[in-house]
Amino acid sequence: MILHPTYELNETGHLTVAGLDAVELAREFGTPVYLLDTDAVRAQCRLYREAFREFFGETSLPAFAGKALCYKGLYRLIAEEGILADCVSPGELFTAHAAGFLMENVFFHGNNKTDADLRYALELGVGHIVADGEDELDALDRIAAELDVRPHILLRITPGIDPHTHKKISTGNVDSKFGMAIATGQAMEFVKRALASPRLILDGFHCHVGSQIFDTEPFTDACDIMLGFIAAVRSETGYEAGMLNIGGGFGVRYTEADPEIDYRENIRLLGAEIDRMCGVYGVSKPRIVMEPGRSIVAAAGCTLYTCGTVKTIPGYRSYISVDGGMPDNPRYALYQSQYTVLNASRANAKADFTCTVAGRCCESGDLLAEGVSLAKPSRGDIIAVLVTGAYNYSMASNYNRIPRPPVVELSGGSARVAVRRETYADVAALDC
Ligand code: LLP
């Protein structure tokens, strides 16, 4: 096993992904290609679903955060696994709906939903709209009246927690574009405004502390603050929230340097703390929802590339260039995210070639990794970047007019295309 059960070596020294030879997959589907071990995704959905039922309560369910990975087949998969979905844009709503996903099981987020977005969500019958601010409540009230519907809503509250993660991916601080802060008193006013609307049905609150978090502490801190807030709201207004959605954020092991995570144990600890805090604040235990994205799909995905140029600059460093890069994985360029990179063609050879892995774009910042060690590749070797299942395909672009790679699902020893490769004609299709 290499990092996660999805990745192994076979007798020819090739990397295998979900039991299939990576070099053969590269030959069959071309490179770059995103591979996704859907059996591993399903196992993770079940782990979450069962642990939620056991430790959070019968009615508590996870909602998969589609921002991590979004295409129709994935919504079909999560529907089969009986979990909910978190959508953050009309495009994600459209994809879920087109896949036949039950829209009642969707939470719709966003700090700036337009009137058109709200109307679209209401027309689709989205289960919960997570209102981000007071303007949005007014717009929602008005549009719901026009459509003569009574939407169920949650309010996005900012608990003010720094989860000690990368700043660009921490969204729970007071100084945030998301939600209304408890510390400034705005959250309480927000609740009163929602309660004053006879049309909006307030089911509870939402918060999100950040992403790629390894400890349970930021989550227990968030629950502590949010349950305290539920108690404060009840004493000020008489309203007691029945649902608490605590967002996403459990981390994923990208490299050997990251800790192994026992998700079930984290959920158990969090559940026990929630029970204890409900007692402390004297509130009934709300229905708990969480929105894991990364921790459901990241480990199950990897990207295969073909190695092109290999060069060493004496006294400086070695570069290997691959046939993809920041358009299919912008995370190193954006966040300096660390990845495990292997020479899939010679995965059992000594990993003693330290290099920078560069993409093919006309931009020097187009790198996938720096200072990684792998078996020295030559032109034509297959290079694998592991743990790319989250925030890669969903963040991909056509920079330099590079077509996006396909998503190939692997399950039970066979492979099938779930999203086809873009063509140059696709890339130019909108040009008038
Ligand atoms: N719910 C809400 C409201 C969120 O804002 C997020 C992530 C999630 C759920 C899912 O969090 P997860 O379980 O995946 O950590 N592009 C960045 C990640 C941005 C995450 C933003 N919000 C990256 O590539 O690391």
Side-chain angles (χ1 to χ4, degrees), residues 41 44-45 47-48 52 61-70 74 78 83-89 92 106-113 128-133 154-159 161 163-173 176-180 204-216 218-219 222 226 243-255 258 261 263 266-267 270 288-301 303 326 328-339 368 385 387-397:
V41 175
Q44 203 62 3
C45 290
L47 183 157
Y48 265 106
F52 272 41
L61 277 171
F64 173 67
K67 73 206 84 181
L69 183 62
C70 184
L74 203 67
I78 63 165
I83 72 172
L84 315 173
D86 141 13
C87 292
V88 293
S89 70
E92 289 186 6
V106 169
F107 292 84
F108 182 37
H109 287 281
N111 65 302
N112 187 21
K113 305 177 196 74
H128 282 93
I129 299 200
V130 184
D132 211 87
L154 297 182
L155 302 183
R156 171 99 183 223
I157 304 296
T158 316
I161 290 174
H164 308 294
T165 181
H166 195 291
K167 205 164 184 302
K168 274 188 198 129
I169 52 177
S170 86
T171 45
N173 294 311
S176 167
K177 71 170 184 167
F178 295 103
M180 301 295 258
F205 305 127
H206 174 280
C207 68
H208 173 77
V209 287
S211 199
Q212 185 62 351
I213 302 171
F214 288 102
D215 317 321
T216 48
F219 298 105
M226 294 303 292
M243 187 187 289
L244 177 60
N245 180 332
I246 54 174
F250 276 136
V252 167
R253 193 159 194 244
Y254 284 92
T255 69
D258 291 328
I261 307 170
Y263 296 99
N266 280 340
I267 294 163
L270 192 53
I288 304 291
V289 175
M290 265 186 105
E291 300 168 331
R294 189 192 308 273
S295 55
I296 289 193
V297 289
T303 312
M326 65 192 291
D328 61 79
N329 181 358
R331 297 190 70 256
Y332 186 77
L334 273 176
Y335 319 120
Q336 292 77 53
S337 302
Q338 302 299 307
Y339 282 99
L368 291 171
V385 177
V387 195
T388 58
Y391 302 112
N392 271 236
Y393 174 63
S394 66
M395 292 176 74
S397 75

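Start at 1 and go down the list; that is how both ligands and their atoms are numbered.
- The contact set between ligand 1 and E291, taken as ligand atoms under 4.0 Å from a residue heavy atom, comprises 1 (N), 2 (C), 3 (C), 8 (C), 9 (C), 10 (C), 13 (O).
- Atoms of ligand 1 found under 4.0 Å from any heavy atom of R156, numbered from 1 in the order shown, are 3 (C).
- Contacts between D86 and ligand 1, counted as non-hydrogen atom pairs separated by less than 4.0 Å, involve the side chain only.
- Between G249 and ligand 1, at least one N/O pair is under 3.5 Å apart.
- Ligand-side atoms of ligand 1 in range of G293: 12 (P), 13 (O), 14 (O), range being under 4.0 angstrom from any heavy atom.
- Judged as a side-chain hydrogen bond (donor to acceptor under 3.5 Å, both in side chains), and not counting sequence neighbours, the contacts of Y332 are E370.
- Here L155 contributes atom CG and H206 contributes atom NE2; the two are 11.5 Å apart, rounded to the nearest 0.5 Å.
- For the side chain to side chain contact (heavy atoms under 4.5 Å, CB included) with P292, the qualifying choice from Y48, Y263, F250 is Y48, the only one to do so.
- Considering only heavy atoms from C-beta on, F178 comes within 4.5 Å of R156 through its side chain.
- Residue H206 approaches ligand 1 through these ligand atoms, each under 4.0 Å from one of its heavy atoms: 3 (C).
- To the nearest 0.5 angstrom, E92 atom CD is 10.0 Å from H109 atom NE2.
- Residue-ligand proximity: A68 is placed with every non-hydrogen atom at 4.0 Å or more from ligand 1.
- Atoms OG1 and CG, on T303 and L368 in that order, are 8.5 Å from each other to the nearest 0.5 Å.
- A search for salt bridge (Lys or Arg N to Asp or Glu O under 4.0 Å) contacts involving D328 returns nothing, not counting sequence neighbours.
- When side chains are defined from C-beta on, L74 does not count as touching Y393, because their heavy atoms never get closer than 4.5 Å.
- Set against the non-hydrogen atoms of R331, the atoms of ligand 1 under 4.0 Å away are 23 (C), 24 (O), 25 (O).
- Contact between S295 and ligand 1 is absent, with no heavy atom of the residue lying under 4.0 Å from the ligand.
- Residue contact check: P292 has heavy atoms under 4.0 Å from atoms 13 (O) of ligand 1.
- For the pair M395 and L334, the minimum side-chain heavy-atom distance is below 4.5 Å.
- Note on ligand 1: Y335 sits in its first shell, one or more heavy atoms being nearer than 4.0 Å.
- Listed by number with element, the atoms of ligand 1 under 4.0 Å from a non-hydrogen atom of M395 are 16 (N), 24 (O).
- Within the 4.0 Å heavy-atom criterion, both parts of R294, backbone and side chain, lie near ligand 1.
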